[in-house]
Each structure stands twice: as C-alpha cells, then as structure tokens.
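The structure appears below as structure tokens.
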Amino acid sequence: ARSTSAAMPRSKRSRFLRASRKPFRCSMFRVIVASFAIATLVIVCFLGFLIHKFPPGVSSSVPAPPGIPSPVSVIESPRLPKLPKSPIIGSSKPKKPHGVELATGNVKEKRWPAQSVILYEKPGCKGEKYEVHNTHVENNCAKCFDVCQKKFSGSGREIQGHWRSLKVVGEGAIVSMWAICKGTWTYPGDEGYISSVQADEGCKDINKEWPPVHLQFHMKDESQISSAKSELEEETQYRKNPIKNTVEILEKISYWKEPDKPIKPATTEYVTFLKDCGGFNNIRMGFEHAILMAWATGRTLVLPPPEGWYLIDFGPIKRGGSYSKGMTDFSEYFDIDHLKRGMPVITAQEFYDREKDRLGLTAEPKSPSGFENRGKSPWKTMLWDKFNGQPWSPNKRVVLWPTIDEYMASSNKNDLLLQGKGKVEFSSDLLAKTVIHFPACHGPNGDQGIYRYLGQIANAVLFSKKQREIEFKRFWKMHIHYPKVVFEAAAKMIAKMGLFSYTAIHIRRNDLQYKEVFQNAQSTLRNIEPLLYPGEPLYLATDETNDAFFDAIRQKHKVYQWKDVVNEAKDIKYSDKVINILEQTICAGGRRFFGTQKSTFTSYIFRLRGYIGAPDTNEYWHNIRYTGMPSVDKFAKPKVTGHNYMMEDPGMWEDLK
C-alpha cells in the first residue's frame, strides 16, 4: 500500500509538511527559552546566596595597634568561614550553643569599635600577657575566646590555670566570663556563667577558685538598657505610692491562710530526725527534709529535744552578743501549731512516753548541757542503735515517689534532676518499719556526707504525678512558716521604708566559709547599680561589724540597716534569736533583692519573695556584675539542677500561680 504522503499531489504534500513542522519548531523554541530562564534564575539565586553567606569583609579603617584601641576606629566583622562540627558533650546530636553567637556566615553583621581583652599571668595585670580582639572566632562562636588549649606566646605555658587577672579595653566593651569552654565544645544548657567585666573597671583579678575559661564579647547597647528601664517604670507604683500602713503590709507578707482545721492526731508510725550541725539555714533545710519524708509517707513527725544551735547558742557569734551556752527549740523558729494542723507532729518526749514500752526505748530525750550539745547524747545513740538511719542526702540521692519504676515511666520525669544521683524509694520493707530515722551529721564513724540532708526541698522527692507535686508545694506554702510574731515585727520595720519601695541586699562578710564571694562595698555598688533606680533606698542585711564599710554605697543611696528599723517594733516582744529571720522577712519586702552567692540565708529569701508576690522574683546576687542589658544579664539567672542546694527552685511558688 502506498503511504498517504505519496498519494498526495506535490503541492498538497509540501503544505502538509510545512504545517506539521510548525508545532515542532514552536515546542523546541519554548523548551530552549524555558531552560535558559531556569538556568539564569538558578545562577542569580546561587550568587545571591554566596553574597549573603560570605559578605565582603572590607575594613573602613586600620585596626588600632594591640592594646591601644581607638574610639573612632571601626572594624567590620570578618568573613566567617564554614567551620567543622565540634564534639558534643552529653549528647549524640549537635545542639545549638547557648550564650554565644553562632560562628556561621549568617551572623548578623555589626560595626563594632576595636575591642580586646588582655589576660595577665599575675594579679594586678602584671607578668606575661595574651591579648584577644573581638574579631576572634572559635569553633562554636564568633567574638569569643576559649582559654582551653591556648598558650602564652613568650613562655609557651598553657594559659588555663596560669592567668590571674584581665583588662577589657575598647569603647562599649562588655565581656562575659564562663567556667566552661563553650566555644570549643557544646554543652547541654546555659551553664557555667560567672559574671561580666566592662572596660570602665580597669584591671580585674579573677577568682582562682572558679577561674573563667571562656570569654564572650558583647557590645553595650544603650537602647536595650533604656528599654529595660522603661519596663521597670511600669512597676514604680510602690515607689511613687509606698505602702506604709502596717496592717496592709502584714496582710500582704503573711502569705499563708490561717488554719481552720483541728490538730492532726498522731499515728503509730514515725519519722525521727536529728538537728543539722550547721547554722540556722542548714538546720532549716534538714528540718524541711524530715517534714517531707513524714508528709509523703503519712507518718508522724517527731521533733528532736531542745539543744544548742550553732551560731545561735554557741560558736563565733558576730551579732547579738558574745559566746553563750543555751538551748533552742524548733518552736522558736517555726509555727509548730500551724504545722500540726496539716500533719501529725509530736515532741521527742511525747514519742518516748507513748512508745517506750512497745519499742523498747532505753534513753529518755533529755536536753544535753554544755559542750555535750555539739556531739552525741544517749538519745541520739539509742535512735541509731535501734533504727539505724537513711543515707539519703539530697545531693547524692533522690527519692522517687511512689516507686522508682512508676516515676521513670511517668510524664512528669525530669532527667536533669536525676543526673548524678542514686535513685531510692520507700520500699515495702522500709515502709513496714515503725520508725524511719534521719540522723543528720551522726552517721556511722562520724560520716556526715550521705547523712546530711542539705538540698533544695523542691527536688528532694520527685513525684510521678504533677498533681501530687503541686499538693506538696501548696502544703509547704500554707503550713511551714516562721512564727507570726516575726511577720508582725517585720511589718512595722518595713513600714518605715514602704513595702516594695526599696531594694534589699544581703552581704555576708564573716561566718561564711566561702571567702571567695567576699568583696568591698564599691564592687557591690558597681555590680548592682545598673538595676537600681537613681538614689533608690537600700536595706542592707549584713554581719559586717564595721559601719564605715558601706560608706561608698551611702554616697549614692539612702541606706537602712537593722539599727535604723529595730525601734519601729519596740512594742512587740520577740527573742533576739530571731533577728536573722526578721531580716530575711524585711529583705523579702523589697522591690528587688540581691543576695550573696553560696549562702543559704539568701536562698530562703528568694522563696519568701515568691510566696508574698514581690514585683521582681528573679534571683540576683551582689557578687555578679550586671549590665542593665537583658541579653547579657539573663545568663546570671540560676539553672535549676538537683545538686545546687544554695539556691531555690522557682517552681516552689510559680507552680502555685
């Protein structure tokens, strides 16, 4: 058969072929044009990405010579190369570094003045030095420097462990200091912040007990500081209209509700404990630990007999008189009647009278006298011999409720609070015992470590159910507090200054064992002034006996101390023993509060402020240099872990809102 084209006349066949090629030529043209357009678009996008990723690092001026910064010299941030991933500590996956700028090409470009930090081998900015400019780049961050693995250029000695002072130079320079090498390795969490240093401080010696190993440059931002101060102006209602009515103040600071329940009857199962061997706030923590053990298990709490309390009845007492021998009872510091209406509580004598025959108690709980109150007594020895003791120091053990398995499988599990601790539970064998004993400071062979119950009460027992955790925290707020007379006296003292219209500061100077937190008054004022109002009244709670020590602060602020407010409550009868907790309550009434690092006296004030609803419940320390810039000062906020017993978990009050 002949093809169709062959059967056509020549003229018709030519027209058919021309018509059939038009669509083909049109389709090819369209393909070529589209391909070219796509290729062009890809090239343009790729060039734009390269320009954005690696912007040209053009210098508008020559950097100043090392150590001689010029305020008019401005250096662009350098081009930042793509860096290799750093090893991860505590995680198998890379994590975003905390507290540092990422060292990638998309770091926001800023024009910073020439700045540097100079590290010195000796105190007083002497000896061999090592200078770092703010253009320095580490694996995880730009404008930062890790001391780790660096050496002095002259001697070749490692800088880490061999430098003692530093100086920050350059316009607007702020350098934050950290105790971990955040630029070299990535850590899980914003940990290790120490403080910040500014150029106006000149030479600064470092704390050799906690030396910085990571330094991060920040630029002083006046607009950020002004914005933060504007936010504070919203809280000036108390400053402009201070509350000075004693009745109103007392109602505000008495954060609990008066009990309308009868006293709980005693059970036939008990928790016994001994008073801690430290100062008052260590005793308070041990007391709270015993309360929680009894509350969680539904047992009766047995209070120890009165005995001498360190720094209250004996020891190097700096305030309230000279060395004396005496006895103190828990009822002098806590409202035991209110506690009894929330859980069963009896005295040691009542316990002995009830159970001496059934349990074979061989020693009566008589209060020892003289120096005996510092050591063992027949009562303490008998409790250990009959009931042994639970080695459950909250810094080394964590109690999981109701059982380890249930907590570990629950949605309320918090891995951070479990780290580095042994898991324990109230097993069926333990709950079968009539008495569970907690012998603070009196373990076998004098072992205090695991028989000392110092820790955040919020994390001593972890509950599998959030509702049970909140019940515990609500019970704590409503039933465990200082005697009412303390709040009545404090209300009158606070009224002289006005509730929330002053800032309070606790400055520990004498009996604290951590001497590295001590500093002069000028340093305290410099550290906290960015967070104060000009001329704002200050209340200083301190054990410093030299009144002239604080003259530098008095030059800029009206300063109140105990001697200035004590006569406001002269019509209220209270023991001199409670002056310490009276001052805690006065500090709780301030607009802001700055404490002393590593002080348990300070930590409880934070909780009191949370309970009464102070305007600012953030935890601040006068030992830390604040900048007024939230982007830097946020690093000073404490991180809740299961090991730092010298701070408070904000969940104790925030979970109750």
Side-chain angles (χ1 to χ4, degrees), residues 57-81 99-103 107-160 162-179 181-184 193-207 211-222 526 625 627 629 631-632 635:
V58 181
S59 227
S60 60
S61 67
V62 179
I68 311 177
S70 170
V72 298
S73 176
V74 180
I75 304 174
E76 291 281 3
S77 296
R79 200 182 290 184
L80 300 176
V100 294
E101 293 183 77
L102 289 175
V107 173
K108 185 178 180 180
E109 292 297 321
K110 297 179 182 179
R111 295 174 63 87
W112 287 36
Q115 301 168 343
S116 65
V117 57
I118 309 171
L119 313 183
Y120 292 87
E121 179 188 13
K122 299 177 181 180
C125 294
K126 298 178 181 178
E128 191 171 6
K129 63 183 181 181
Y130 189 104
E131 183 167 14
V132 183
H133 292 274
N134 63 353
T135 53
H136 188 82
V137 176
E138 292 285 356
N139 279 359
N140 285 347
C141 57
K143 304 185 189 307
C144 69
F145 175 74
D146 273 1
V147 173
C148 311
Q149 302 177 345
K150 306 295 194 308
K151 296 181 179 181
F152 286 109
S153 57
S155 64
R157 296 178 70 194
E158 289 192 0
I159 299 177
Q160 186 173 1
H162 298 98
W163 70 289
R164 291 292 179 264
S165 58
L166 78 162
K167 183 187 296 183
V168 175
V169 294
E171 179 188 357
I174 299 174
V175 173
S176 59
M177 303 185 295
W178 304 73
C181 287
K182 301 168 71 71
T184 305
Y193 181 78
I194 298 176
S195 188
S196 65
V197 185
Q198 299 187 29
D200 60 5
E201 294 184 52
C203 181
K204 183 178 179 63
D205 291 346
I206 65 169
N207 179 358
V213 294
H214 174 80
L215 306 172
Q216 174 77 32
F217 284 94
H218 308 271
M219 184 67 184
K220 192 170 184 178
D221 188 341
E222 294 294 347
R526 183 194 62 219
R625 176 74 189 266
T627 66
M629 294 171 52
S631 63
V632 178
F635 300 129

Check: W112 main-chain N/O paired with N134 side-chain donor or acceptor under 3.5 Å = no

Ignoring hydrogens and angles, tell me if any N or O in the side chain of S165 forms a donor-acceptor pair with the backbone of K122 under 3.5 Å.
-> yes

Side chain proximity check, V147 to L119, heavy atoms < 4.5 angstrom | yes

For the residue pair V175 and F145, establish whether any side-chain heavy-atom pair is separated by less than 4.5 Å.
-> no

What distance separates K126 NZ from C203 SG, expressed to the nearest 0.5 Å?
-> 9.0 Å

Should the ring pair W178 and H214 be called parallel, tilted or perpendicular, given that the plane angle runs from 0 to 90° and is split at 30 and 60?
-> perpendicular

Would you kindly say whether Q216 and S176 are connected by a side-chain donor-acceptor distance under 3.5 Å?
-> no

Residue pair D146 / T184, side-chain donor-acceptor N/O under 3.5 Å |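 Per modelled atom types, D146 and T184 side chains form a pair under 3.5 Å.
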
Residues at least two apart in sequence or cross-chain that pass side chain to side chain contact (heavy atoms under 4.5 Å, CB included) with E201, listed by chain then number, are V197, Q198, K204, R526, R625

Using a strict cut-off of less than 4.0 Å between a Lys/Arg side-chain nitrogen and an Asp/Glu carboxylate oxygen, indicate whether E171 and K220 qualify as a salt bridge.
->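 Looking at E171 and K220, the cut-off is not met.
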
Can we say E138 and K150 salt-bridge, meaning some charged N sits less than 4.0 Å from an Asp/Glu carboxylate O?
->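 Looking at E138 and K150, the cut-off is met.
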
Are Y120 and F152 close enough that their ring centres sit under 6.0 Å apart?
-> no

